[in-house]
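Report on one structure; see the data block that follows.
A quick note: this is a predicted structure, and the numbers were derived from the prediction, not measured. Convention: sequence-line order gives letters A, B, ...; per-chain numbering from 1.
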There are 2 protein chains.
Amino acid sequence: MDQVDYKILSLLHENSRIPMAELGRIIGMTQPAVKERVRKLEEQGVITGYHAAISLPKLGKNTTAFVMFRTKKCAAFIEFCRQSPEVTDMYRISGEYNYMLKIVTETTEELVAFSERCGEFGYSYTLIMLTAPFEHKMTIEPPIAETAEPWSN
Amino acid sequence: MDQVDYKILSLLHENSRIPMAELGRIIGMTQPAVKERVRKLEEQGVITGYHAAISLPKLGKNTTAFVMFRTKKCAAFIEFCRQSPEVTDMYRISGEYNYMLKIVTETTEELVAFSERCGEFGYSYTLIMLTAPFEHKMTIEPPIAETAEPWSN
DNA sequence: GTTGAAAAAACAGAGGA
DNA sequence: TCCTCTGTTTTTTCAAC
């Protein structure tokens with residue numbers, strides 16, 4: 001993993017459908033060389049997939065909420081959430097509430113309905129998302145830049 | 001937006017680097033027809049981008065946390081977060097705490113450092129993410145399936 | 001939406017620093 | 001080991017229908 005790999009990751013994170021040849025043009029390499037690096041990054045599990053981002057409002061999904069949940073039936077609750085299409089993200093967290101869920105629905109009615117279906121697993125509170133100033137903002141750069149060695153300070 | 005469009009969205013969400021021709025093979029259409037549908041979905045803003053998913057642990061980012069924040073300096077705080085590489089997601093939420101941040105760092109020390117830099121904007125509490133059973137699980141399907149009309153119940 | 005030809009990109013192998 | 005070069009295959013693009 002050198003500077004070039006980080007640059008590739010950054011560019012693919014920005015646009016995963018960019019042709020390998022153009023990637024090569026940007027970083028100053030031929031297409032097969034870039035492709036080989038990408039192949040290795042995939043093999044090593046650094047790149048885990050390529051996904052299209054889809055506008056939720058355009059799909060009629062106008063309600064996003066976060067549910068903080070306290071349960072003792074962890075395995076069953078995880079399975080329940082996995083099979084609920086409303087739940088897009090599930091995190092185990094520290095604190096009294098041991099799970100946080102991100103819920104995406106068309107209306108607030110659906111959110112309430114989901115919340116009620118959760119009742120049997122424990123207790124919770126819900127935070128409605130009002131706006132998202134930004135999401136998935138990843139800054140991909142080498143841990144220690146070669147242009148700023150520690151001993152140069 | 002018909003059934004075919006939803007199928008295209010679903011497949012591109014799964015793998016955004018799939019060739020248009022293979023997409024066509026799956027849904028029973030020629031490559032130019034699929035491409036034209038994808039172009040329209042992009043134009044309409046239904047597809048907002050194509051992104052490579054990158055393993056955070058492989059980049060040495062081993063700490064993820066959620067910070068619930070209360071501030072009165074909203075504009076300044078948004079700008080501060082936007083420019084902080086640790087902050088990957090920022091949500092305005094209902095409740096006493098008006099923002100929730102997702103923070104990704106290499107170590108917990110960096111998380112603490114970030115938290116202290118936030119001090120001037122308001123008060124907060126932090127939840128450490130322990131595990132993520134799943135993330136970005138989007139179920140893309142038409143609002144009303146043609147095979148299950150309301151009047152058939 | 002389909003067909004078909006031209007352009008571009010991806011792929012696979014040989015060879016060089 | 002990592003890259004370039006080159007020929008072949010696949011995909012994309014862009015007409016006309």
Measuring from B:F80:CZ to B:L101:CG, what's the distance to the nearest 0.5 Å?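 So the CZ of B:F80 and the CG of B:L101 are separated by 9.0 Å.
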Could you measure the distance from the CZ atom of B:F114 to the OG1 atom of B:T105? Nearest 0.5 Å is fine.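 It is 10.0 Å, given to the nearest 0.5 Å.
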In terms of heavy-atom contacts, does NZ of B:K40 have more than 12 from other residues, nucleotides or ligands at under 6.0 Å?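 Not buried by this count: 12 neighbours or fewer within 6.0 Å.
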Check the surroundings of atom NZ in A:K7: do more than 12 heavy atoms from other residues, nucleotides or ligands lie under 6.0 Å from it?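 No, the 6.0 Å shell around NZ holds no more than 12 heavy atoms from other groups.
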Provide the full list of side-chain hydrogen bond (donor to acceptor under 3.5 Å, both in side chains) pairs with a residue in residues 51-63 of chain A, sequence neighbours left out, each pair given once.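 Checked against side-chain hydrogen bond (donor to acceptor under 3.5 Å, both in side chains) - neighbours excluded - no pair reaches residues 51-63 of chain A.
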Between the two ends of the helix from C:dG1-D:dC17 to C:dA17-D:dT1, what is the bend in degrees, rounded to 10 degrees, where each end axis spans five pairs?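 So the angle between the two local helix axes works out to 40°.
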Summary of protein contacts for nucleotides 3-17 of chain D, nucleotide by nucleotide, where a base hit scores B, a sugar-phosphate-only hit scores S (4.0 Å, heavy atoms): SBB-----SBBB---
Send over the distance from A:R39 CZ to C:dA10 P, rounded to a whole Å.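 Between P of C:dA10 and CZ of A:R39: 16 Å.
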Contacting residues from residues 44-54 of chain A, given that a heavy atom lies under 4.0 angstrom of DNA chain C: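 Those residues: none at all.
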Does A:F69 form a ring pair (Phe, Tyr, Trp, His ring centres under 6.0 Å) with A:F77? I'd like the steps, not just the answer. CA-CA 10 Å; A:F69 211 92; A:F77 187 55; 4.3 Å; yes
Can you sort out the partners of B:F66 under ring pair (Phe, Tyr, Trp, His ring centres under 6.0 Å), two or more places apart, ordered by chain and number?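 So B:F66 forms a ring pair (Phe, Tyr, Trp, His ring centres under 6.0 Å) with A:Y91.
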Should the pair A:R117-A:E86 be classified as a salt bridge under the 4.0 Å nitrogen-to-oxygen rule?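 Result for this pair is yes, salt bridge flagged.
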Run the salt-bridge test on A:E42 and A:R39 with the 4.0 Å N-O cut-off and return the result as yes or no.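 No.
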Qualifying residues under side chain to side chain donor-acceptor pair (under 3.5 Å), relative to A:D5, sequence neighbours excluded: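 Applying side chain to side chain donor-acceptor pair (under 3.5 Å) to A:D5 gives A:R37.
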